[in-house]
Student: 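Could you have a look at this structure, given as structure tokens, before my questions?
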Amino acid sequence: MSALPKVYVTRKVPPDGLDILRKSGQVQFDMWDSDDPVPRVELLKKVKGCDGILCVLTEKIDAQLLEAAGPNLKVVSTMSVGFDHLSLDELKKRGIRVGYTPDVLTDCVAELTVALLLTTSRRLIEATHEAKTGGWGTWRTLWLCGHELANSTVGILGLGRIGVAIAERLKPFKVKKFIYTDVVPRPELANMIEAEYVSFDELAKQSDFLAICCALTPETHGICNWNLFSKMKKNAIFINTSRGGVVNQEDLYEALSTGLIAGAGLDVTTPEPLPTHHPLFTLKNCVILPHIASASYTTRNAMSALAANNLLAGLRGEPMPQELKL
């Protein structure tokens, strides 16, 4: 009888995914049993001879790692919807299949995006600080005034499942118009939220609220830079829950500190974690979260289960529930 396929799991897996791996009886697996990233040197040792890897977005699956793993590696399953941490060309060259976890985190990310948008636009972090530190005095006419969604134009950069889900949640706030920009028009998705396709420049000029929902690719790297911010309205709110790499943070700091735009809410940065001395942390009009868009118990368990099922199906040579076509 042949030995079971060998799998390395690069991070402590939520219960649903772990149960699937354990009860399948189809693999022998070793797991880095910690919430902290596995050290790179350790990772390169552990993947040697593996048939499969289940990873998260903090692990770079590149040529060095694939060489260390060796020729047995057949499947990489990532517990993420983003795949910028995977060297897709290297994986394709070696014929290694890739599973990922779209759809299951759509609602969770959309909810967090709306929460971050409202927190930023209505200056809730500032208000909480004032209440705690004695700044709350008599009622003042324009104190802590923010910007409301009613009758506004909401722009979306990168209209996919998450962008649509964000718009669906914002519509009851009496948003006047949704606009979007993408590589190509996406009429089927746009029709769901009655969104208008516009150019990149028009997206910048028209948006009162701009939500960044695009994947990080060579084309989108640093796309949110001075060129974008300089065309935006002074009352505009910029929200990024996609990937930190799509934003030029130096340009964003200048735009926020000079009043070029009203505020920014970021769930993602470069690097992560963002150093506590970073200039963006000094700004009252910038809300920064520690990459928690998918952080609900329901979603993280669903992501882990899908990642585990992708891995097992790939090792059996069967269609994955969610395979990234290379």
Side-chain angles (χ1 to χ4, degrees), residues 57 78 80-92 97-110 113-114 117 152-171 175-233 236-248 251-252 266-268 270 293-294 319-326:
L57 52 81
T78 181
S80 65
V81 64
F83 42 83
D84 47 282
H85 58 299
L86 308 179
S87 296
L88 300 184
D89 289 344
E90 294 291 338
L91 289 160
K92 183 177 181 179
R97 296 172 65 188
V98 176
Y100 70 137
T101 60
D103 298 333
V104 294
L105 48 65
T106 298
D107 288 333
C108 193
V109 173
T113 304
V114 172
L117 185 153
S152 69
T153 295
V154 173
I156 300 169
L157 178 59
L159 186 65
R161 291 174 292 264
I162 292 172
V164 169
I166 291 167
E168 288 172 339
R169 285 158 176 77
L170 291 178
K171 195 168 185 177
V175 169
K176 180 176 66 176
K177 183 168 68 170
F178 291 102
I179 59 177
Y180 77 100
T181 290
D182 212 317
V183 179
V184 294
R186 303 191 181 277
E188 289 187 11
L189 290 172
N191 289 340
M192 295 171 65
I193 55 173
E194 299 179 348
E196 176 189 347
Y197 179 80
V198 297
S199 68
F200 186 75
D201 281 357
E202 284 301 312
L203 187 78
K205 293 173 182 176
Q206 294 186 35
S207 296
D208 296 299
F209 299 87
L210 179 54
I212 309 304
C213 304
C214 59
L216 178 59
T217 66
E219 292 73 29
T220 62
H221 189 274
I223 195 171
C224 298
N225 54 28
W226 190 257
N227 177 53
L228 174 75
F229 302 132
S230 64
K231 294 180 174 71
M232 292 176 70
K233 300 177 181 180
I237 302 294
F238 176 85
I239 302 295
N240 185 20
T241 53
S242 59
R243 285 291 185 266
V246 304
V247 179
N248 181 311
D251 289 356
L252 178 60
L266 311 174
D267 183 50
V268 287
T270 303
S294 67
M320 295 183 189
Q322 289 287 355
E323 183 166 359
L324 185 63
K325 299 301 182 182
L326 303 180

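Atoms considered below: every heavy atom in the structure, side chains included; atoms not considered: hydrogens, waters and symmetry mates.
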Student: Quick check for you: to the nearest 0.5 Å, what is the distance between F238 atom CZ and I212 atom CD1?
Tutor: 4.0 Å
Student: Under the 3.5 angstrom rule, does the side chain of K233 hit a backbone N or O of Q206 as a donor-acceptor pair?
Tutor: yes
Student: Answer yes or no: is there a donor N or O on one side and an acceptor on the other, between the side chain of S230 and the main chain of N227, under 3.5 Å?
Tutor: yes
Student: Quick check: do I162 and L105 have side-chain heavy atoms less than 4.5 Å from each other?
Tutor: yes
Student: Is the backbone of L159 close enough, under 3.5 Å, to the side chain of D182 for a donor and an acceptor to pair up by distance?
Tutor: yes
Student: Would you give the length of the straight line joining atom CZ of R243 to atom OG1 of T217, rounded to the nearest 0.5 angstrom?
Tutor: 12.5 Å
Student: How far apart are the closest heavy atoms of G163 and C213, and which atoms are they?
Tutor: CA-SG, 4.1 Å
Student: Can a donor-acceptor pair be found, under 3.5 Å and without considering hydrogens, that links the side chain of D251 to the backbone of W226?
Tutor: yes
Student: Side chain of D84, backbone of L216: donor and acceptor closer than 3.5 Å?
Tutor: no
Student: Taking the side chain as C-beta and beyond, is there a heavy-atom pair between I166 and L117 under 4.5 Å?
Tutor: no
Student: How close do A190 and Y180 get, heavy atom to heavy atom, and via which atoms?
Tutor: CB-CE2, 3.5 Å
Student: Tell me whether D89 at atom CG has more than 12 heavy atoms from other residues, nucleotides or ligands lying less than 6.0 Å away.
Tutor: no
Student: Return the minimal non-hydrogen interatomic distance between R161 and P102, and the atom names on each side.
Tutor: NH2-CB, 3.2 Å
Student: Would you check if T270 and V247 make a side-chain contact, meaning some heavy-atom pair closer than 4.5 Å?
Tutor: no
Student: Got a second to check how far L228's CG is from I223's CD1, nearest 0.5 Å?
Tutor: 8.0 Å
Student: To the closest 0.5 Å, what do you measure between OG1 (T181) and CD (E202)?
Tutor: 9.0 Å
Student: Check G155 against L203 and note the closest heavy-atom contact, atom names and distance.
Tutor: CA-CD1, 3.8 Å
Student: What do the steps show when you test L170 against F178 for side chain to side chain contact (heavy atoms under 4.5 Å, CB included), and what is the final call?
Tutor: CA-CA 10 Å; L170 291 178; F178 291 102; 4.2 Å; yes
Student: To the nearest 0.5 Å, what is the distance between CD on E196 and NZ on K177?
Tutor: 5.0 Å
Student: Run the numbers on K231 and D201 for side chain to side chain contact (heavy atoms under 4.5 Å, CB included), then give the verdict.
Tutor: CA-CA 7 Å; K231 294 180 174 71; D201 281 357; 3.4 Å; yes
Student: With a 4.5 Å limit on heavy-atom distance, are the side chains of L157 and C224 in contact?
Tutor: yes
Student: What are the two closest heavy atoms between C214 and S242, and how far apart are they?
Tutor: O-CB, 3.1 Å
Student: Under a 4.5 Å cut-off applied to non-hydrogen side-chain atoms, are Y197 and V184 in contact?
Tutor: no
Student: Got a donor-acceptor contact below 3.5 angstrom from the T101 side chain to the S80 backbone?
Tutor: yes
Student: Check whether any side-chain heavy atom of V175 sits under 4.5 Å from a side-chain heavy atom of F209, and report yes or no.
Tutor: no
Student: Shortest non-hydrogen contact from A165 to A110?
Tutor: CB-CB, 3.6 Å
Student: I need the R186 CZ to N191 CG distance, nearest 0.5 Å.
Tutor: 13.5 Å
Student: If only atom types and distance count, is the side chain of N240 paired as donor or acceptor with the main-chain N or O of L266 below 3.5 Å?
Tutor: no
Student: Test D107 against R169 for salt bridge (Lys or Arg N to Asp or Glu O under 4.0 Å), laying out the working first.
Tutor: CA-CA 10 Å; D107 288 333; R169 285 158 176 77; 2.9 Å; yes
Student: Do D103 and Q322 have side chains that approach each other closer than 4.5 Å (heavy atoms only, starting at C-beta)?
Tutor: yes
Student: Under the 3.5 angstrom rule, does the side chain of T220 hit a backbone N or O of A215 as a donor-acceptor pair?
Tutor: yes
